[in-house]
Novice: 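A single structure is presented below for examination.
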Amino acid sequence: MKLSNLGAAATLASVAAGHTIFCQLKTSAQTYPVSHAIRTPSYDGPQTDVANSNMACNGPPNPTTPSDKIIEVKAGETVSAIWRHTLQSGANDVMDPGHKGPVMAYLKKVTDATKDNGVGDGWFKIQEEGFSNGKWGTDTVINSGGNQQIKIPDCIEDGQYLLRAEMIALHGARSTNGAQLYMECAQINVTGGKASKKPTTASIPGVYKSNDAGLLIDIYSKPPSSTNPYKIPGPAVFTC
């Protein structure tokens, strides 16, 4: 094999190693099994076209499997979206640590979480971590064994929701559609909410644009700094 081909193969291997899946949810009650109430894909690849409907809860080229399960979650509690490189991986195999970027979480209130495809309006952001003190949100998740901590607002209405957890890898984001977006949707039923505040919602797709400063960025030649802060894509986090 030619040297150039060896380099290309190594690059492809590195890209594949960077893939990741939100495959389990941990609540105050228990850690649920892999794929329980989550539409997990058979392939761990990213979405790259932010205008595609598969941005909502993933989909082709990563076919997802429906789930008829719903997880009970208490308003105000902190849950953990558990990420793994593959559905068979352990806590030491979350995502290539060279893949840096923000992490986020969204909710969408739905009538039937097992059937709603998530596409369209209704989404609001409840958690985010970008870049701070030399550390990316993805670093936090990887260093915690794949756990993304997400607090469920206590002021929302009770009912069924889609919980969309997301990690974005920016190693290729110097070109349009070069950012790699990873997301899955968990199906939850929220109880104990105060219903005291309604969030402003956004549409997915539509919440991001391909030229957003946080998606079209060269994190190597122009890394974020105090004078050049990183702008996390999407709306502000909803607060009660």
Novice: For the residue pair Tyr182 and His19, does the interplanar ring angle fall in the parallel (under 30°), tilted (30 to 60°) or perpendicular (over 60°) class?
Specialist: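 If you compare the ring of Tyr182 with that of His19, the planes turn out tilted.
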
Novice: Determine yes or no for a side-chain-to-main-chain donor-acceptor pair under 3.5 angstrom, with Lys125 supplying the side chain and Pro235 the backbone.
Specialist: yes

Novice: For the residue pair Gln148 / Glu166, report whether a side-chain donor-acceptor contact shorter than 3.5 Å exists.
Specialist: no

Novice: Does either side chain, that of Thr201 or that of Asp121, offer a donor lying less than 3.5 Å from an acceptor on the other one?
Specialist: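 Asp121 and Thr201 do have a side-chain donor-acceptor pair below 3.5 Å.
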
Novice: With no hydrogens and no angle check, do the side chains of Glu184 and Asn58 hold a donor and an acceptor under 3.5 Å apart?
Specialist: yes

Novice: Is the closest side-chain donor-acceptor distance between Ser225 and Asn228 under 3.5 Å?
Specialist: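 On atom types as modelled, these side chains do not qualify, holding no pair under 3.5 Å.
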
Novice: For the side chain of Asp218 and the backbone of Arg174, is there at least one donor-acceptor N/O pair under 3.5 Å apart?
Specialist: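 Not at all, since once roles are kept as given, no pair shorter than 3.5 Å links the two residues.
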
Novice: Determine whether a donor-acceptor pair (N or O, by modelled atom type, separation under 3.5 Å) exists between the side chain of Ser67 and the backbone of Lys69.
Specialist: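 Yes.
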
Novice: Is any side-chain heavy atom of Phe22 closer than 4.5 Å to a side-chain heavy atom of Ile82?
Specialist: no

Novice: Any side-chain to backbone donor/acceptor pair from Tyr161 onto Val190? Under 3.5 Å, distance only.
Specialist: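 Pair absent, no side-chain N/O of Tyr161 close to backbone of Val190.
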
Novice: Is there a donor-acceptor contact under 3.5 Å from the side chain of Lys197 to the main chain of Thr239?
Specialist: yes

Novice: If you compare all heavy atoms of Gly234 against all heavy atoms of Tyr106, which two are closest, and at what distance to 0.1 Å?
Specialist: CA-OH, 4.0 Å

Novice: Looking at Thr176 and Leu216, what are the two nearest heavy atoms and their distance?
Specialist: N-CD1, 3.5 Å

Novice: With distance as the sole test, does Asp212 use its side chain to make a donor-acceptor pair with the main-chain N or O of Lys209 at under 3.5 Å?
Specialist: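 Yes.
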
Novice: Would you call Thr64 and Thr40 a side-chain contact if the rule is heavy atoms closer than 4.5 Å?
Specialist: no

Novice: Are Tyr230 and Val207 grouped together when hydrophobic residues (ILVMFWY) are joined by side-chain heavy atoms under 4.5 angstrom apart?
Specialist: yes

Novice: Kindly determine whether Asn189 and Gln160 satisfy side chain to side chain donor-acceptor pair (under 3.5 Å), including the steps that lead there.
Specialist: CA-CA 4 Å; Asn189 184 59; Gln160 293 188 22; 4.9 Å; no

Novice: Does any donor atom in the side chain of Gln149 or Thr78 lie under 3.5 Å from an acceptor atom in the other side chain?
Specialist: no

Novice: Checking Asn62 side chain against Pro41 main chain: does a donor-acceptor pair fall under 3.5 Å?
Specialist: no

Novice: Any luck finding a side-chain donor-acceptor pair between Asp139 and Asn143 under 3.5 Å?
Specialist: no

Novice: What orientation do His99 and His171 show, parallel under 30°, tilted 30 to 60°, or perpendicular over 60°?
Specialist: tilted

Novice: Compare all side-chain heavy atoms of Leu25 with those of Ser80 and state whether any distance is below 4.5 angstrom.
Specialist: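 Of all side-chain heavy-atom pairs linking Ser80 with Leu25, none is under 4.5 Å.
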
Novice: Verify whether one side chain among Gln187 and Arg39 offers a donor that lies under 3.5 Å from an acceptor in the other.
Specialist: yes

Novice: Ignoring hydrogens and geometry, is there a side-chain-to-backbone donor-acceptor pair from Glu77 to Ser28 under 3.5 Å?
Specialist: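 Yes, the answer is positive, given that a donor and an acceptor are paired below the 3.5 Å cut-off.
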
Novice: Is there a donor-acceptor contact under 3.5 Å from the side chain of Asn147 to the main chain of Ser144?
Specialist: yes

Novice: Using modelled atom types only, decide if a donor and an acceptor are shared between the side chain of Arg164 and the backbone of Met55 within a distance under 3.5 Å.
Specialist: yes

Novice: Is any side-chain heavy atom of Ile168 closer than 4.5 Å to a side-chain heavy atom of Leu215?
Specialist: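 In contact.
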
